[in-house]
Amino acid sequence: MGERRLPLTVVGGYLGVGKTTLVNRLLSTTDGTRFAVLVNDLGAVNVDAALLESTGADRIVLSNGCLCCSLADGLTDVMFELAERTDEFDHVVIELSGVGLPGPVARWGRAPGFVPGTTLVLAAADSVVDRLADPLVGDTVARQLAEADLVALTRTDLVERDAVAEARAAVTRHTTAPLAVGPSAALPWSTIVGAAGDPRGPAGEGEPGPTRPGFVAHTVEVAGWSRDRLTTWLDRRPVEVWRAKGIVDLAEGRHIVQVVGRRIEVTAAEPAATSTPLVVVVPEGPVVGVASWLAAGMS
Amino acid sequence: MILFPARAVHTMDRGRPRADAVLVDEGRVVAVGTVDELRAHGEATLDDRFADKVLLPGFVEAHSHSFEGGQWAHTYCGWFDRADPEGRVWSGCHSIDEVVARLSEVETAMSDPGAPLFAWGLDPIYFPGDRLEARHLDAVSEHRRIFVMHASGHLATVNSAVIDDAGLADGPADEAVPRGADGRPTGELLEPAGMARAGDLFPSYYRAMKSEGGLRAFGRLARNAGITTLTDLGSTNLANPKVRERWRAITDDPSFPARVSIFHNPAFGGGLDEQVAMVVGLREESTEKLRFGHVKFILDGSIQGFTARLRPPRYLPAPDGSDRGNGLWLVPPDEVADRLAAFHGAGLLVHAHCNGDEAVDVYLDAIERVLTDAPRPDHRHTVQHCQLTTADQYRRMAALGACANVFANHTWYWGDQHHDVTVGPDRSQRMNAAATALAAGVPLSMHCDAGVTPLGSLHVAWCAVNRRTPSGRVLGADERISVHEALTAITVGAAYQLKMDHEIGSIRPGLRADFAVLDDDPYEVDPMALRDIGVWGTVLGGVPQPADGRS
């Protein structure tokens, strides 16, 4: 087992929220990130045939460096295998079943070979209100949302604007996690998943990933701030701000800053790391509180 | 032909419930009757080794798991006395001190100083308020690594040797490795993710449990309990040909003393259509002793783990007064009917684990929908566990042609906890309602869910007949059933639910000569002594299989 540790993202959410779409998108990535994605149903994985290098009963190997593994024999065996192969991947994503609770699985982020990444729970704008009211699964959906670091509200293009607001309100009654809201196709999935790579690894260039329509990146100059000042400011961010990243020179030295969803990590950087601006991704357009928060950071 | 006279033969067949002897040829029963009657069939060798024994159909355990054998690779430290595959009874550990004493005894006898000590069966629900921690295990050894798996499978406890070796005290604190007031890890590791922090210990623990020796031990434990047909209910991945080949090699060995029906569990993943095709194809691989072709769903968790899905009023509040909420779904309820439809449509039989009554509702809704779309006679879809199944649900099961396999052993193993902690006095008395099931006309079996509780069909019957708890309560006197009803459930009742009752489960002409050989007559002993009846062993396909220490 090498020194390298892979960020672990857990993706949850009930049926019909777009988990499989997300998995297919990650596996088809062209930004060079080598994802190892663990899924319950390998048969649902659908990537461009041109990317297929080999397919087996329990795994698909792709020419872009990605791997998709079935969880048929349980999570433990696959995680021990990946912990031995950290040099071959950049990021691990575990897709839960529709009723899976993220918490126990996310704990694998502390196991040898891994670092905790985002616990991402998907909710669909066209179904989450009904799901939460469902006598059989409402409590499960609510627990999934409560355990999320970040919630992606998907399928917003399939409903009226009022319904999106209603869905957003229903979700925020069950979680304090920030929301990424948008049509599934437009959401910047690799950014949401935290695909910019292991903050402690060689790939930590500070780019928060490509932005997509509906999102804008702002640069904030925080050099010379104390660690306390930075974390206090980050703590006060509006819920719409769910992604920020940079390698910045604080009063206490060079630090890596990672914000994914409600997780904030400020850790000492390797001396060799090149400093970058702190980049904050926010939704496009006027969002209450974002401008004043950014202004407070820039003043 | 071999003629076996016995003190009594209870056939579990209405046509001739009781006989003096049984005549066997080529592994099958030729006839039962008096010795004189059987002479009419021609020349036979008289084998009178069972002259003072009582023969019943070999017991059929329709809900067990092969890890029952494998877990004996490790040291037992559960609350109840338990017999190992060699027939040696390990006394229960009733306190943390007794756990430590048990482990110390085993540790002292270990020859390899570097080998870790693994233990299993610890269930903290029996010593409330006390938690096993590293400091207790350090009294066993400061140097040897010790790993104790709890009965729930969600928690393990390790000693300081493991904490130091795996560096568990380094780095930031986290919830998978809880810490005490002194900042040191307590030794508890939560969930597989926490257990994996103990390095190679966690995979080693499971590897040993899944060994070939464990599967063979499973067969010995069955024979020692009078069981001739076992199930491995969805606990091994049949998509893996190596798994099937190993089962085939073991069951082909004449010394392996049981038939095994191995169910496919869709939780092992893959597309539904491929799974259906696989199970249909697997039926062709069945042999006399190894059966494939049935399917196991798991809908919810366990009641004692508060993870079963319950109808209101759900669980009692926690000791601090907080609401325990409801349990966990293991399959999205919306998917159950679609999954059932796929297997049902291919003519397959599906058993579904439903501990809580809300899970039963979901499964019965699925059966009703599937049968409405695709009626199929004699499907025998079965609700497994049925622990909180209510009278209305049993009536609905009867109407749908569904069967019930009731977890009767729970009354003994967790009955007091159900009364005091999980669901309270009223519902605990209604649990595992075998009498209500029979009154509704639901085909009934009863099980032990080994290795959750030990393999032992007479114990299962004893529970259903007496409904005693360890504290001495009779938990739900009105749900007690008769000895005959209980013995029927663990023989022909279970065989029916495996679609094997034309082959096993009773003693009559043409059926396989599978017998349980008992020292005493269950119809004559005090019902409270049912579980204490000595088991000589079994006869499997006409071949005597003595238990350890018997001949």
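In what follows, chains carry the letters A, B, and so on, assigned in the order in which the sequence lines appear, proteins first and then strands, with residues in each chain numbered from 1.
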Inset, instruction - Go through A:Leu71 and B:Phe268 one step at a time and tell me if the side chain to side chain contact (heavy atoms under 4.5 Å, CB included) criterion holds. - result: CA-CA 7 Å; A:Leu71 290 172; B:Phe268 285 114; over 6 Å; no
Where [X] and [Y] come nearest, the two heavy atoms and their spacing:
X: B:Ala193; Y: A:Pro104; value: CB-O, 3.7 Å
X: A:Asp41; Y: B:Gly271; value: OD1-N, 3.4 Å
X: B:Arg197; Y: A:Ala111; value: CD-CA, 3.4 Å
X: B:Pro332; Y: A:Leu15; value: CB-CD1, 3.6 Å

Can you check whether [X] reaches [Y] side chain to side chain, under 4.5 Å on heavy atoms?
X: A:Thr76; Y: B:Pro203; answer: no
X: A:Asp139; Y: B:Arg309; answer: yes
X: B:Leu328; Y: A:Thr140; answer: no
X: A:Arg107; Y: B:Leu190; answer: yes

Inset, instruction - Answer with yes or no whether the side chains of B:Tyr206 and A:Asp77 bring together a donor and an acceptor at under 3.5 Å. - result: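 There is no such pair between these side chains.
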Inset, instruction - Apply side chain to side chain contact (heavy atoms under 4.5 Å, CB included) to the pair A:Arg143 and B:Asn326, showing each step before the final yes or no. - result: CA-CA 11 Å; A:Arg143 284 173 75 175; B:Asn326 206 341; over 6 Å; no
Legend entry - Structural part of A:Leu75 lying under 4.5 Å from a heavy atom of chain B: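 For A:Leu75, there is no contact with chain B at all, as no heavy atom is under 4.5 Å.
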Inset, instruction - Could you look at A:Tyr14 and say if it's the side chain, the backbone, both or neither that has a heavy atom under 4.5 Å from chain B? - result: side chain
Legend entry - Donor-acceptor contact below 3.5 Å, side chain B:Trp329 vs main chain A:Leu136: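 A pair under 3.5 Å: yes.
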Inset, instruction - With side chain to side chain contact (heavy atoms under 4.5 Å, CB included) as the test, would you mind laying out the steps for B:Val177 and A:Arg110 before giving the verdict? - result: CA-CA 9 Å; B:Val177 185; A:Arg110 305 273 180 196; over 6 Å; no
Legend entry - Distance in Å, A:Phe80 CZ paired with B:Asp200 CG, rounded so as to fall on 0.5 Å steps: 8.0 Å
